[in-house]
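Notes follow once the structure below has been shown.
Labels below follow one simple rule: chain letters A, B, ... track the order of the sequence lines, proteins then strands, and each chain is numbered from 1.
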There are 2 protein chains.
Amino acid sequence: MLKPTVNKGRASGRITLAMVARHAGVATMTASRALTQPGLVSQPLRDRVLKSVAELGYVPNRAARALASSQSKVIAVLVPSLANAVFTEVLAGIEDALEGDDYQILIGNTRYSEREEEKLITTYLQSAPDGMLLTGLSPCPRVQQLLAGSPMPLVSMMDLAGADEQPSVGFSQFAAGQTMTRYLISRGYRRIGFMGAQLDERTLRRADGYRQAMQEARLAAAELEVMVAQPSTIALGAALLDRMLEQASGCDAIFCCNDDLAQGAVFQAQRRNLHIPGQLAICGFNDLPASAWMNPTLTTISTPRYRIGFEAATLLRSLIKGETPAARHIDLGFTLMARESA
Amino acid sequence: MLKPTVNKGRASGRITLAMVARHAGVATMTASRALTQPGLVSQPLRDRVLKSVAELGYVPNRAARALASSQSKVIAVLVPSLANAVFTEVLAGIEDALEGDDYQILIGNTRYSEREEEKLITTYLQSAPDGMLLTGLSPCPRVQQLLAGSPMPLVSMMDLAGADEQPSVGFSQFAAGQTMTRYLISRGYRRIGFMGAQLDERTLRRADGYRQAMQEARLAAAELEVMVAQPSTIALGAALLDRMLEQASGCDAIFCCNDDLAQGAVFQAQRRNLHIPGQLAICGFNDLPASAWMNPTLTTISTPRYRIGFEAATLLRSLIKGETPAARHIDLGFTLMARESA
DNA sequence: CTGAAAGCGCTTACAG
DNA sequence: CTGAAAGCGCTTACAG
């Protein structure tokens, strides 16, 4: 008769590997191998273990595995927003890239707040992630310090870092801002406004690109910029259109730092009975789903969100495995979508 | 001289509670209590422990804590989509409700797929969540079986379950569908079409509400329904508008099962030079941000997504604590937003 | 290919 | 209030 292990009332009540092993008549070690390195176990024993697993309904305990192996099989992802389709598509790319790799993905929404980011990272660090995917190039100093204390690999998403900096996957936000502005100039617009919200890293880089292009063309003027720190929404786009028209007389085009703002600006311009693009051209950034369908269709920059997530996760995985990736920085580019609104 | 514990090369390299305790000159147990039940430790010892924690940069190991306490402090959340703002707002409510409770939130996107849901739950079960938040009332049989094997509390979100069923937080999708349809009827529309995509539980319940209202008014007709299993998008809304107009002659209003579809239908109707609502009324469901701003503004049903997440998480937490909540089913209602489009 | 022992870093359950 | 011992459920590192 099998003597049951002493249970002082601490057991979780779940089926354990040891129970599976006993049921199969093998050592715990053999049961462990049958599940994680089946090649090292003979066919007959492996079959018996698998049969016991099924019969007992065994579910591995990740906490125990993590503790024993010091591999958490956790990847943490930090995005600044989930309300923005850009980042949910990044997440879809990440999930697809990691599909089947048995990683637990921890999704953290920083809500564009450094404090929130710090809190999330502090919590995530307790799970000792095998790696982390970060949005943006330069975390605030406190976050950098937190991350410096851990040896796990990191990959930055959305923009491109310098060659000697942290691995990154994205595209040049600066170049994209510049490209759109040059396009507007080439179409004959002269009083081109820039409308920016949130004022996160990427928006600021796009604004830099805009300024550079305007200066090159000797069209720059301070009153052409409307920048506010509030979150981007359609409602804000409508409000900022009013402000721009008030502040920048003769404004004939507006480059909005994202499509939400641009959509709101278009709707509001229509309410003011302005013809787009005849009286006012409006363009956005990101190419959200509605932009190709609204009336008029929105001129914008299409960005490779899904691929950024996919490639960033792929790069991170190879870093976790200790491989030396072919490239530590991946430029996925962007595409100008010339449509009706500008 | 302190004899270092034998290290056969298995240590993770991180600072452990034992190291903190030794540094502070107390037992590991005391250091543990100082962090988790500070009231049980005298002020002087507590201070020494906290000082050591800071000096050594100690980060608790969640896996070890979970294993020892058989409390994972994990809550898993399953939503069918992240592309849909409805669910990202639900998530925001959940995060806010659980703020400061030290739960790790696992966000799983099932992509409206039962296979994906099954895979996610199988993985999540390995982390032995303390509780789970599910979208929808009736998981598929295989998922039900998976969940039945675990004693953790569950709460369903979005719709209302029967009194004797699983706890739920949401509103009656059926009543909402019925309310919108009756509204259209009261406005004088007679050939009212229903446009449904995805065909998930909630869409079907809304369609039931529509049918009920149409039958009551003796207006029901098979050709007034356009139902497709594809995911809802603006592009699909545009395509389905064409199909509806072809299939249902004299159609004077369309109730779209969500705002994405409705927005696409509006844009496409405008391209066909149909005046809204004069020649065709269109309404949606959910009240997404763009709906109040587009031209014309969209008549729709506003749904309490954020509060659903918040209340569901609050209910789940009390269930996890073993409390008996005041109500196991919480009806948060919905609001008809009568705007320009219908 | 198989297994007994030890250990991962915490907390439970006692004892004082 | 404080602590020594044992245990959570796995895997590592050996030994055979």
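- Among the heavy atoms of the strands lying under 4.0 Å from B/R33 is at least one base atom, whether or not backbone atoms are also near.
- Across all strands shown, B/S42 has heavy atoms under 4.0 Å from sugar-phosphate atoms exclusively, and none from any base.
- Remark: C/dA13 base-pairs with no nucleotide; criterion is Watson-Crick or G-U wobble with both hydrogen-bond distances under 3.5 Å.
- Between A/A327 and A/L315, the shortest heavy-atom contact is O-CD1, 3.7 Å.
- The interatomic distance linking A/L17 (CG) with C/dG3 (C1') rounds to 14 Å, in whole Å.
- Across all strands shown, D/dA4 remains unpaired; no Watson-Crick or G-U wobble contact has both distances below 3.5 Å.
- Within the 4.0 Å cut-off from OP1 or OP2 of D/dT11, at least one side-chain nitrogen or oxygen of A/S32 is found.
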Discussion item. One pair to check against side chain to side chain contact (heavy atoms under 4.5 Å, CB included): B/N61 and A/Q126. What are the steps and the verdict?
Written reply: CA-CA 5 Å; B/N61 181 322; A/Q126 300 182 349; over 6 Å; no
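- Taking atom CE of residue B/M19 and atom P of nucleotide C/dG7, one finds them 15 Å apart after rounding to whole Å.
- In plain terms, the two heavy atoms of B/I320 and B/Y103 that are nearest each other are CG2-OH, 3.7 Å.
- Of the listed nucleotides (D/dT11, D/dG3, C/dT2), D/dG3 has the atom at the smallest distance from the side chain of B/V26.
- No contact: B/S70 has no heavy atom under 4.0 Å from any strand.
- For B/R65, the side-chain atoms get nearest to C/dT11 when compared with the rest of C/dG9, C/dG3, C/dT11.
- Dashed line: the shortest gap from a side-chain N or O of B/S69 to OP1 or OP2 of C/dC10 is not under 4.0 Å.
- In this structure, CG of A/L67 is placed 11 Å from P of D/dT11, rounded to the nearest angstrom.
- Judged by distance alone, with hydrogens and angles left aside, B/R62 brings no side-chain donor or acceptor close enough to the base of C/dG9 to form a pair under 3.5 Å.
- Taking every side-chain heavy atom of B/T30 into account, D/dG3 is the closest of C/dT11, D/dG3, C/dC8.
- The interatomic distance linking A/Q37 (CD) with D/dA13 (C1') rounds to 12 Å, in whole Å.
- The side chain of B/N61 approaches C/dC10 more closely than any other nucleotide in the set C/dC10, D/dG9, D/dT11.
- In the set D/dC10, C/dT11, D/dT2, C/dT11 carries the atom at the smallest distance from any side-chain atom of B/M29.
- Rounded to whole angstrom, the span from the CG atom of B/L40 across to the P atom of C/dA13 amounts to 14 Å.
- Using modelled atom types, one side-chain atom of B/D130 and one backbone atom of B/K73 make a donor-acceptor pair closer than 3.5 Å.
- Which of C/dG9, C/dG3, D/dT11 sits closest to the side chain of A/A27 comes down to C/dG3.
- D/dG9 atom P lies 14 Å from atom CD of B/Q71, rounded to whole Å.
- Following rounding to the nearest Å, A/D47 (CG) and C/dC1 (P) show an atom-to-atom distance of 14 Å.
- Nearest-nucleotide mapping onto DNA chain D: of B/A68 and B/T28, the residue sitting toward the 5' end is B/T28.
- The two residues B/I308 and B/M158 make their nearest non-hydrogen contact at CG2-N, 3.9 Å.
- If you take CD1 of A/I15 and P of D/dC8, they are 14 Å apart, rounded to a whole angstrom.
- Between B/E201 and B/T135 the shortest side-chain heavy-atom distance does not fall below 4.5 Å.
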